[in-house]
Amino acid sequence: MTTEPDAALLDGELPPVTKPSIRKILFRIAFIVAALGISGWILVRTFDDLDLDEILDAARSLADAEIISLLSLWVLWIAAQGLLTASLVPGLAVRHGIVAFLGPASVTSVVPGPSDLPIRYRMLTSWGHTTGEATLAVAAGGIFSIGIKLVLPVIAAVGLLVSDAPLSDTLQTVVTICMIVGLGVVVLAFVLGSEKRTEQAGRLIEPVWSRVLRLLRKPTPEDLPTQMVAARSKAVQTLRDRWLVATWATVLTSATKFGLLLMCLRFTGVSETELPWTQVFVVFALVQGLTVFPITAGDAGVSEIAYIGMLTAAAGEQYVNQITAAILIFRILTWLSIIPVGLGALGLWKFQLRRRAPDVAPT
């Protein structure tokens with residue numbers, strides 16, 4: 001649920017935060033409900049065998065041991081998210097990393113866009129970290145989260161090509177897009193891997209970037225290549241001893257999230273025979289790529305249609321109710337549950353901040 005770093009953060013500035021009105025909050029909630037309603041209508045129109053009673057029966061069929069297993073893996077997923085945040089900030093405890101994930105994630109689960117970045121920035125600075133450390137951690141966290149979402153579809157596409165699995169026309173198009181994205185990631189990594197190449201890239205894009213900013217009536221940056229080289233050097237210096245832990249934490253977050261999806265499917269009656277874990281991984285990876293740029297808060301509606309549609313196509317329409325039940329449980333764990341838990345973490349942080357320094361408590 002981490003969003004892409006905003007340009008203002010990369011320049012060391014905190015994006016402005018405006019207090020939302022009751023009307024805006026109600027509109028956002030209504031928009032989410034509408035997105036879910038539209039996705040449900042599309043699924044009902046697409047799958048004739050979709051039955052609400054069977055979906056509820058599949059969801060209620062979970063045994064106590066299965067529920068405990070899901071909750072345990074959910075806790076591990078949250079801990080992995082906290083480890084990722086903590087790995088990017090010198091001296092940050094994992095428990096603070098968990099709070100710095102949950103609180104902002106609860107906001108971005110309701111408000112699409114980079115709404116979590118200013119909150120995470122304020123949290124880190126309130127714990128005594130410098131503005132530079134907080135800015136870099138927020139930006140780097142977004143890069144790691146976005147990066148894994150771009151890499152996963154490429155891995156899935158390569159796996160499909162190597163396995164010689166039969167591909168439909170639509171899937172061939174998806175695989176082609178994934179390979180193009182993968183090529184873009186490789187080119188970007190190659191450019192940023194060298195200070196000289198970073199400077200050359202800055203000189204190439206500076207005229208275009210300046211023209212776009214002028215069209216948007218934004219101030220143009222002074223000497224963009226120098227700024228890019230400086231930002232790269234600062235990032236390399238700060239992350240030199242942490243990138244390995246951050247990489248493994250990023251992989252762990254995706255692995256535990258995929259594990260939750262797979263367990264939900266198995267516990268609702270979709271066995272390995274009907275839907276092998278490899279096919280589940282391909283769908284999981286493709287959905288991660290589809291939701292790189294959030295259209296709705298928490299990817300409401302988009303994820304549900306993508307998961308249920310592709311998984312049902314792979315397993316067969318006779319399993320649509322079990323798959324739908326599994327996706328509902330999965331989305332409750334990885335999206336809806338984050339809202340109350342994250343708001344609780346956000347309230348705890350503000351309470352502790354007021355106790356420590358009432359005169360500087362955040363509004």
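Heavy atoms of other residues, nucleotides or ligands lying less than 6.0 angstrom from CH2 of Trp248 number 12 at most.
Evaluation of the side-chain hydrogen bond (donor to acceptor under 3.5 Å, both in side chains) test over residues 312-330, restricted to residues two or more places apart or in two chains, returns Glu54-Asn321, Glu274-Tyr319.
In this structure, a donor-acceptor pair under 3.5 Å is present between the side chains of Trp349 and Ser126.
For Ala80, the side chain to side chain contact (heavy atoms under 4.5 Å, CB included) partners at least two apart in sequence or on another chain are Leu252, Thr253. Scored by the salt bridge (charged side-chain N to carboxylate O under 4.0 Å, His left out) test, Arg197 finds no partners at all (sequence neighbours excluded). Under the rule for a side-chain hydrogen bond (donor to acceptor under 3.5 Å, both in side chains), the partners of Glu199 that lie at least two apart in sequence or sit in another chain are Arg203. Partners of Phe258 by ring pair (Phe, Tyr, Trp, His ring centres under 6.0 Å), not counting sequence neighbours, listed by chain and number: Phe281, Phe284. Evaluation of the side chain to side chain contact (heavy atoms under 4.5 Å, CB included) rule for Ile98 yields Ile78, Val94, Leu102 as partners, not counting sequence neighbours.
Hydrophobic clustering (side-chain heavy atoms under 4.5 Å, transitive across Ile, Leu, Val, Met, Phe, Trp, Tyr) groups Val75 together with Leu73. Neither Phe351 nor Leu343 shares a network with the other; the hydrophobic side chains, linked directly or stepwise wherever heavy atoms of I, L, V, M, F, W or Y lie under 4.5 Å apart, form separate groups for each. Each of Val282 and Val251 belongs to its own hydrophobic cluster when Ile, Leu, Val, Met, Phe, Trp and Tyr are linked at side-chain heavy-atom distances under 4.5 angstrom.
Looking only at distances, a side-chain donor or acceptor of Ser106 sits under 3.5 Å from a matching main-chain atom of Gly103.
Closest approach of Ala285 to Pro153, counting heavy atoms only: O-CG, 3.2 Å.
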